[in-house]
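Here's the structure we're looking at; comments come further down.
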Amino acid sequence: MVSVDRSLFVFNTLALFRSYRLFQISLSLSLSTMAKEPVRVLVTGAAGQIGYALVPMIARGVMLGADQPVILHMLDIPPAAEALNGVKMELVDAAFPLLKGVVATTDAIEACTGVNIAVMVGGFPRKEGMERKDVMSKNVAIYKSQASALEKHAAANCKVLVVANPANTNALILKEFAPSIPEKNITCLTRLDHNRALGQVSERLNVPVSDVKNVIIWGNHSSTQYPDVNHATVTTSAGEKPVRQLVADDEWLHGDFISTVQQRGAAIIKARKLSSALSAASSACDHIRDWVLGTPEGTWVSMGVYSDGSYNVPAGLIYSFPVTCCNGDWTIVQGLAIDDLSRKKLDLTAEELTEEKALAYSCLT
Ligand SMILES: NC(=O)c1ccc[n+]([C@@H]2O[C@H](COP(=O)([O-])OP(=O)(O)OC[C@H]3O[C@@H](n4cnc5c(N)ncnc54)[C@H](O)[C@@H]3O)[C@@H](O)[C@H]2O)c1
């Protein structure tokens, strides 16, 4: 009798355990197939060439992941409305499974309403014969008014990436005129310069670019930026090695390497007769992806962020620093040694940004 009871007990326990496992498996299956809520991503200047390269990347999951549905909000100005509608038609025709909706508009309020991420690509380009102040003044006006639209209508905690030039100063103006958006949420793109630096090292050493990490772009997204390899490494079969040691050519690192990265945009315009677009779009995706999903352990990236005075960079500029990202927040990497040559270059690009800031403010009055 006792042994029958015991085997019944064992049988029932096993059955219970099995049904619990089945419940666990079916729960995890249904959770993994349960669609996430779509994220609304704004792209301004979406009818332009970066916009045209960027929106399909976002719709394919390159920016936010292969399981993240998106709704694209595209803004451009009235003369580009027809072209913008053409981009919308192509997005529909591409039948992207992750794309749950498209808003294509010339109305900034409609474009900004409810967006979780804003990629600001639209801006006024410098035309022949124009003074720097005239271009600045046009962009200050654009970024002031779009800041208000974002502040009033974007979703809470919206993350902003400014791509349009002058990117750092446009981002600063946007920050000034959207005071309720946390300053940590307003950034500008220097990831393209960062990726260019990785690319130059990879070509020089003939190693895969994915094995190179921790270059830094300091400062402005302009030709005064400082591409720094002093802390960069390459993963080799014998472990991580410093780039400086592997390259073993300081003349190249201090000369052609820096000028090639600084002047890469101009070299592309010369070759293509158009400015960089696919690399800019891809880097914008990298910037947002790492910001939202996090940087890999032991790796940092370059982002234009609001300076808190780290590395004696004047506070109150949008300046490119090395950052790590975790849980949707970036943190400036602290404690890196800065040699005398680097110090001068960090200060030079900060001076340019300080001048740009003064010019931008003079356009406001
Ligand atoms: N930060 C970087 O790394 C980086 C790299 C490459 C280019 N850029 C800059 O990105 C910007 C866009 O480049 P592009 O090649 O796509 O230029 P583009 O001229 O092809 O496109 C710009 C688009 O912006 C639109 N636009 C103009 N004013 C607008 C406004 N007020 N609101 C919304 N849209 C507006 C234009 O109609 C156009 O469709 C430029 O300022 C360029 O200098 C930055």
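When a ligand or atom number is given, it counts from 1 through the structure's own listing order.
- Using bins of under 30°, 30° to 60° and over 60° for the plane-to-plane angle, the ring pair Phe321/Tyr319 lands in the tilted bin.
- Of the options Ala53, Gly123, Ala277, Pro166, the smallest heavy-atom separation from atom 27 (C) of ligand 1 is shown by Gly123.
- Near Gly45, the atoms of ligand 1 lying under 4.0 angstrom from a non-hydrogen atom of the residue are 23 (C), 24 (O), 25 (C), 33 (C), 34 (N).
- Shown in contact with Ala164 at under 4.0 Å from a heavy atom are these atoms of ligand 1, numbered in order with element: 9 (C), 10 (O), 11 (C), 41 (O).
- Close contacts between ligand 1 and Ile77 involve ligand atoms 27 (C), 28 (N), 29 (C), 30 (C), 31 (N), 32 (N), 35 (C), 37 (O) [criterion: under 4.0 Å to a heavy atom].
- Each of the atoms 15 (O) of ligand 1 lies under 4.0 Å from some heavy atom of Ser275.
- Between Trp252 and Phe257, the ring-plane angle classifies as tilted under the 30° and 60° cut-offs.
- The proximity of His221 to ligand 1, defined as any non-hydrogen pair under 4.0 Å, is limited to the side chain.
- Of the protein's heavy atoms, Ile50 CD1, 3.5 Å lies nearest to atom 13 (O) of ligand 1.
- Listed by atom number, the atoms of ligand 1 under 4.0 Å from Gln146 heavy atoms are 30 (C), 31 (N), 32 (N), 33 (C).
- For ligand 1 and Ala47, the ligand atoms under 4.0 Å from any heavy atom of the residue are 39 (O).
- Taking the ring centre of Trp218 as origin, the terminal cationic atom of Lys345 falls outside the region bounded by 6.0 Å and 45° from the ring axis.
- In this structure, Cys285 and Val62 approach most closely via the heavy-atom pair CB-CG1, 3.9 Å.
- Interface of Ile142 with ligand 1, defined as ligand atoms under 4.0 Å from a residue heavy atom, comprises 31 (N).
- Each of His287, Gln225, His194 was evaluated against Ser302; a single residue qualifies, His194, per the side-chain hydrogen bond (donor to acceptor under 3.5 Å, both in side chains) test.
- With atom 5 (C) of ligand 1 as the reference point, the heavy atom nearest to it among Thr190, Asn168, Leu192, Ile269 is part of Leu192.
- If you check each of Val121, Thr106, Asn165 against atom 8 (N) of ligand 1, the one with the closest non-hydrogen atom is Asn165.
- Remark: Lys184 is not positioned above the aromatic ring of Tyr306, lacking an NZ or CZ atom under 6.0 angstrom from the ring centre and at most 45 degrees off the axis.
- Of the listed residues (Thr169, Leu189, Val163, Asn165), just one forms a side-chain contact (heavy atoms from CB on, under 4.5 Å) with His221, and that residue is Asn165.
- The heavy-atom pair separating Val87 from Ala47 by the smallest distance is CG2-CA, 4.4 Å.
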Show me the donor-acceptor pairs, under 3.5 Å and distance only, between side chains in residues 35-44 and residues at least two apart or in other chains.
unit_1 : atom_1 : unit_2 : atom_2 : d
Lys36  : NZ     : Asp67  : OD1    : 3.4
Lys36  : NZ     : Asp67  : OD2    : 3.3
Arg40  : NH1    : His73  : NE2    : 3.0
Thr44  : OG1    : Val121 : N      : 2.9
Thr44  : OG1    : Gly122 : N      : 2.9

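- Of the protein's heavy atoms, Gly48 CA, 3.3 Å lies nearest to atom 21 (O) of ligand 1.
- Regarding atom 1 (N) of ligand 1, its nearest protein heavy-atom neighbour is Val163 O, 3.1 Å.
- Summarising the contacts of atom 39 (O) of ligand 1 with Leu161, Val43, Asp76, Thr44, the nearest heavy atom is found in Asp76.
- Looking at Val261, Ile258, Asp347 one by one, the single match for side-chain contact (heavy atoms from CB on, under 4.5 Å) with Tyr226 turns out to be Ile258.
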